[in-house]
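Notes follow the structure.
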Amino acid sequence: MERTPFQGVFPPQSDPPPSVLEQRRTKQSFIKDGFKLRTLLVIGALCQLALVAVLPLRIAMLPALILAFHAAFETLLQCLTRGGSNPLMSGVVVGRTTAQFPSIYTGNFSHTPSEQRVVVFHLGVAFNHPLSVACPGGREVGALFAAVEEELTQRAGEYGVLGMSQWVETARDTHNAMLVVVYFRSLDGLQRFARGDAHRAGWAFLDAFRAAGNHHIATFHETFEAEPGHWETLYTDSKPSMLGNAQFKALGAGEGKKGAGNWVWVRGLVSASDARLRSMMDRMGRTRTRPGM
């Protein structure tokens, strides 16, 4: 079998990443996802009626016309041109890639796929109330949830956090169930996080909140521990996402000695065009022999 190391997509960086979070949800996204489309349309219609009531009709129509023209022109421009005109393509890695763990001693990737354990932790909250995030307790839970994310970011090295992704539910009209997927190096790190201040503060508030008879805010978590050779990933024409957006702190390769060099940050995305990473079983490291290898 070929023992050439896998090729990383990104070069090591000397500066630490600003955050292991891929993105933070804005207030606008909370409003958009928290209410039905019908409710948002009614709010917009009421705003337009208010403008018509206090301004001449031609002037009152201007804001809606300007917003509509801007949206149509921007969409048309993005559809008709390639390259930098489409902001949604920013950061997209063209081709097939997969996530692997580099060595903490050199920052280099090995030739063995899926050779380390990974713990996947799902942490979520759902607002089962007509007012969505504006419901009683919603503001407090939102702040506590943000504090948990912040602690996972600030203490990522201590907890062994590799990366996080944020997602919203689409099963009902209001997308007000939110999920954070967190990747840990080990269960020990996850348990250290569970005993941390932010997580304990969240549970203390929710215990008191539910003891007072409030049950419209749901919280949930799931934990999966995947042993080496029992996980794989594939991303095609995708931005670095999920485990593919993980960041690893490692010692840069020095003069061939273990531990030589300076600390660097390595993104764990490698090219999946390598023949050794073509299939799901290949990426799990379970295909030991292939023609031409």
Side-chain angles (χ1 to χ4, degrees), residues 16-36 39 117-226 241-243 245-249:
S19 170
V20 295
L21 281 175
E22 293 186 72
Q23 62 181 5
R24 288 194 179 277
R25 303 191 74 213
T26 63
K27 292 181 179 179
Q28 290 88 340
S29 65
F30 275 112
I31 295 172
K32 175 178 66 69
D33 294 331
F35 297 96
K36 296 180 180 179
T39 302
R117 177 188 297 110
V118 63
V119 174
V120 185
F121 181 62
H122 293 173
L123 178 64
V125 59
F127 300 93
N128 301 314
H129 193 281
L131 294 180
S132 186
V133 295
C135 68
R139 181 176 181 180
E140 292 83 354
V141 170
L144 290 166
F145 206 76
V148 165
E149 292 180 332
E150 187 65 27
E151 182 167 297
L152 284 168
T153 301
Q154 298 300 326
R155 303 176 68 176
E158 177 184 347
Y159 294 151
V161 176
L162 301 175
M164 288 194 282
S165 297
Q166 295 180 327
W167 306 91
V168 295
E169 179 192 51
T170 59
R172 53 186 179 182
D173 292 338
T174 54
H175 304 159
N176 53 12
M178 291 155 283
L179 175 72
V180 174
V181 180
V182 191
Y183 300 95
F184 289 86
R185 281 189 178 274
S186 67
L187 279 176
D188 289 341
L190 173 55
Q191 290 176 329
R192 285 196 296 273
F193 154 70
R195 295 190 293 267
D197 295 338
H199 188 255
R200 291 169 64 91
W203 274 117
F205 173 84
L206 287 168
D207 285 344
F209 186 72
R210 288 165 180 152
N214 301 298
H215 300 284
H216 56 270
I217 297 180
T219 55
F220 47 89
H221 85 259
E222 298 177 336
T223 304
F224 309 91
E225 183 181 29
S241 178
M242 305 173 74
L243 187 58
N245 196 44
Q247 308 273 0
F248 300 85
K249 189 176 182 180

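Residue numbers run from 1 in the order of the sequence given. Computation of the quantities below employed the complete heavy-atom set of this structure, encompassing side-chain atoms and omitting hydrogens, waters and symmetry-equivalent molecules.
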Do any pairs count as a salt bridge (charged side-chain N to carboxylate O under 4.0 Å, His left out) and have a residue in residues 118-146, sequence neighbours left out, and if so which ones?
none

List the atom of Ala177, the atom of Ala126, and the distance in Å for their closest heavy-atom pair.
CB-CB, 3.7 Å

Supply the atom-to-atom distance Leu190 CG to Phe121 CZ, rounded to the nearest 0.5 angstrom.
5.5 Å

Just wondering, do Trp167 and Met242 contact through their side chains at under 4.5 Å, heavy atoms?
yes

In chain order, what residues pass the side-chain hydrogen bond (donor to acceptor under 3.5 Å, both in side chains) check against Asn128, with sequence neighbours excluded?
Arg172

Is Leu162 close to Arg185 at the side-chain level, that is, under 4.5 Å between some pair of heavy atoms?
yes

Pairs under 3.5 angstrom only: tabulate donor-acceptor contacts from the side chains of residues 213-225 to other protein residues two or more places apart or in another chain.
residue: Asn214; atom: ND2; partner: Phe209; partner atom: O; Å: 3.1
residue: His216; atom: NE2; partner: Pro136; partner atom: O; Å: 2.8
residue: Thr219; atom: OG1; partner: Arg210; partner atom: NH2; Å: 3.0
residue: Glu222; atom: OE1; partner: His122; partner atom: ND1; Å: 3.1
residue: Glu225; atom: OE2; partner: Arg117; partner atom: NE; Å: 3.2

With a 4.5 Å cut-off on side-chain heavy atoms, are Phe184 and Val161 touching?
yes

Do Leu123 and Val182 touch side chain to side chain, with heavy atoms closer than 4.5 Å?
no

Sub-4.5 Å side-chain heavy-atom contact between His129 and Asn176:
no

For Tyr159, all residues meeting side-chain hydrogen bond (donor to acceptor under 3.5 Å, both in side chains), sequence neighbours excluded:
Glu151, Arg155

The side chain to side chain contact (heavy atoms under 4.5 Å, CB included) partners of Ala204 (sequence neighbours excluded) come to none

Validation: residues 192-201 side-chain donor-acceptor distances under 3.5 Å, sequence neighbours left out:
residue: Arg192; atom: NE; partner: Glu158; partner atom: O; Å: 3.2
residue: Arg192; atom: NH2; partner: Glu158; partner atom: O; Å: 2.9
residue: His199; atom: ND1; partner: Ala194; partner atom: O; Å: 3.0
residue: His199; atom: NE2; partner: Trp203; partner atom: NE1; Å: 2.9

